[in-house]
Amino acid sequence: MAAVTWRVVRRWCPSLPQVFRFPVAQVHLGRPKMRASQQDFENAVNQVKLLKKDPGNQVKLQLYALYKQATDGPCNVSKPGVFDLVNKAKWEAWNALGSLPKETARQNYVDLVSSLSPSSEASNQGKSGADVKVQESKDIVVTSEDGITKIMFNRPPKKNAITFQMYQDIILALKNASTDNSAITVFTGAGDYYCSGNDLTNFTSASGGMEKAAEGGAVLLREFVNSFIDFPKPLVAVVNGPAVGISVTLLGLFDAVYASDKATFHTPFSHLGQSPEACSSYTFPKIMGSAKATEMLLFGKKLTAREACAQGLVTEVFPDSTFKKEIWTRLKAYAKLPPNSMRISKQLIRKNEKEKLHAVNAEECSTLKERWLSEECINAIMSFLSRKSKL
Ligand SMILES: CCCCCC/C=C/C(=O)SCCNC(=O)CCNC(=O)[C@H](O)C(C)(C)COP(=O)(O)OP(=O)(O)OC[C@H]1O[C@@H](n2cnc3c(N)ncnc32)[C@H](O)[C@@H]1OP(=O)(O)O
C-alpha cells in the first residue's frame, strides 16, 4: 500500500509545491464522528487512486504525510538533502505532523479523502456499518477557501455566546484545521458581535447539579485552551465587533489580531465572581505590562480597539466601513506564503512558552472550578439571568 501511495504522490508531485488554491468547501461540524476503522482507512487509500480530479500538490503532500503517520507513526527517517526537492517536501510534510497519534492521522486521512469526493463519506459509513448521522452545528461554521480555514461564531441572536457544544465544535475544528491543506486559520464572528464570551446559561442549564457541571466545565475548558496553545499554524482573529470574556483572553494565544474600530475588549471577571482563563493571567501581563493587565483582568476595564492596539493585544485597527474588504485581501496574500515556513517559524516562537502555557492553563482551570461554585459567581450569573445586571 505504501508503494502505491508513494507512486501516486511522486507522479503528482514532480516539483516543489507551489501555492495552490483549494476549492471552496463548507464543512459544518457537529459531534465527533465515529473513529475511522482500518477498513475505512483502506477504503480511503483505494479511493485516492480513483480520484478523477487532481487535488493539487498541497493536498497530495498532506495525504502522503497522513498516510505515513497513520502507518509508520512519527517521521523516523533522516531529512533528504537540500537538492532532493520532492523528497524533502514530503519529509517536511510528514515531519510537521510531529507526534500526532496514528489513529488521529488515520481519521484525518479518511476525512481529507471524504472532502475530496463528496459521495465517499456516505459510502464509507455504510461499509463500516456505522449509521451515524453527523449532526450539523449551526453555531460554529467552518469554511475553507484560498488557503484560509475560517471558523466563525454563528449565533448572532445571543451575541455569539459560546455554549458547551460550541466549545466541542471548536476543538474539533482546530484539530481538523491543523492538518487540512490551509495555510492559516482565522476566527471571526457573524453579526454585530465578535463574541459575548461563555454562555452564562451553560452552568445553570446543565443537568446533574452545579458541582458536576463545574467539574466537567473545567475539563472541557482545559482541553479547549490546550487546542489553541498547541495549534501549529498561524492563528488570526478578525474581530468584527465587541468581544467579551474568554473570546478576549484567548487573543493572547493568537498570532495576529485585526480589529474593526467598532470592536471593544472586555473581561468582566470580577463582576462575575470569576477569574481569568485561556492563559491570560500570564499572557496579558506579558503583552501589556502588569498595570494595564490588572485594569482589564481585575477591574474589568473595557478597552476600545485603539486602546487594545496601543497595549499590544491588537495588531492593527481598521475603519469598520473598509474592515472586511481590507482584511480579507491581506489575509489571502498571507495565505500564499510558504506554509511550512510559517509553521516552522511559529513553532520556534512558541516552543519555549508551551510548557509554561500548559501549566498556567491547568492552574487557571482548577481555580475557575472553585470560583464557579462560589456564592459571588452564582449570584452574578443569577443577576444576569434575571436581568438585574448588564455589563
Ligand atoms: C467550558 C466553560 C468555559 C468557561 C470559561 C470562562 C469564561 C468566562 C467568560 O467568558 S466571562 C464573560 C461572559 N459573558 C458575559 O458576561 C456577557 C453577558 N452579556 C451581556 O452583558 C450583554 O448581553 C451584552 C453586553 C453582551 C450585549 O448586550 P445587548 O446589546 O444589550 O444585548 P442583549 O443583552 O439583549 O443580548 C441579546 C441576547 O443574547 C443573550 N446573551 C448575550 N450574551 C450572553 C452570554 N454571555 N450568555 C448567555 N446569553 C447571552 C442575552 O441574554 C439576550 O438574550 P435574549 O434575547 O434575552 O434571549
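Counting starts at 1 for both ligands and their atoms, in listed order. Computed from a prediction, not measured in an experiment: that's the story for all the values here.
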For ligand 1 and [X], I'd like to know whether there is a polar contact (N/O to N/O, distance under 3.5 Å).
| X | result |
| --- | --- |
| Leu200 | yes |
| Ser196 | yes |
| Asn198 | yes |
| Ile246 | yes |

I'd like to know whether ligand 1 has [X] as a neighbour, heavy-atom separation below 4.0 Å.
| X | value |
| --- | --- |
| Phe164 | yes |
| Pro268 | no |
| Pro157 | yes |
| Leu272 | yes |

Element-labelled atoms of ligand 1 that are located less than 4.0 Å from some non-hydrogen atom of [X]:
| X | answer |
| --- | --- |
| Trp372 | 4 (C) |
| Tyr193 | 24 (C), 25 (C), 26 (C), 27 (C) |
| Gly197 | 10 (O) |
| Gly217 | 1 (C) |
| Ala161 | 44 (C), 45 (C), 46 (N), 47 (N) |

message: Donor-acceptor pair, distance only, cut-off 3.5 Å: does the side chain of Asp199 make one with the backbone of Thr201?
response: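 Side chain of Asp199 to backbone of Thr201: a pair is present.
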query: Got a second to check how far Lys68's NZ is from Trp94's CH2, nearest 0.5 Å?
result: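 It is 4.5 Å, given to the nearest 0.5 Å.
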Under 4.0 Å, heavy atoms only, figure out whether ligand 1 is touched by the backbone of [X], its side chain, both or neither.
| X | answer |
| --- | --- |
| Lys158 | both |
| Phe224 | neither |
| Ser247 | neither |

query: Which heavy atom in Pro242 sits nearest to a heavy atom in Asp192, and how many Å separate them?
result: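 So the minimum-distance heavy-atom pair works out to CD-O, 3.4 Å.
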Once the angle between the rings of [X] and [Y] is folded into 0 to 90°, is it parallel (under 30°), tilted (30 to 60°) or perpendicular (over 60°)?
| X | Y | result |
| --- | --- | --- |
| Phe318 | Phe323 | tilted |
| Phe254 | Phe228 | tilted |
| Trp372 | Phe203 | tilted |

task: Not counting sequence neighbours, which residues clear salt bridge (charged side-chain N to carboxylate O under 4.0 Å, His left out) with Lys158? List them please.
output: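 So Lys158 forms no salt bridge (charged side-chain N to carboxylate O under 4.0 Å, His left out) with any residue.
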Would you list the atom pairs, donor with acceptor, under 3.5 Å between side chains in residues 284-296 and any protein atom, with sequence neighbours excluded?
from, atom 1, to, atom 2, distance (Å)
Lys286, NZ, Glu353, OE2, 2.1
Thr294, OG1, Ser290, O, 2.7

message: Within the 4.5 Å heavy-atom criterion, are Leu66 and Leu112 side-chain neighbours or not?
response: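 Leu66 reaches Leu112 side chain to side chain.
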- prompt: Any side-chain donor-acceptor pair under 3.5 Å between Asp180 and Thr149?
  reply: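 Yes, a side-chain donor-acceptor pair sits under 3.5 Å.
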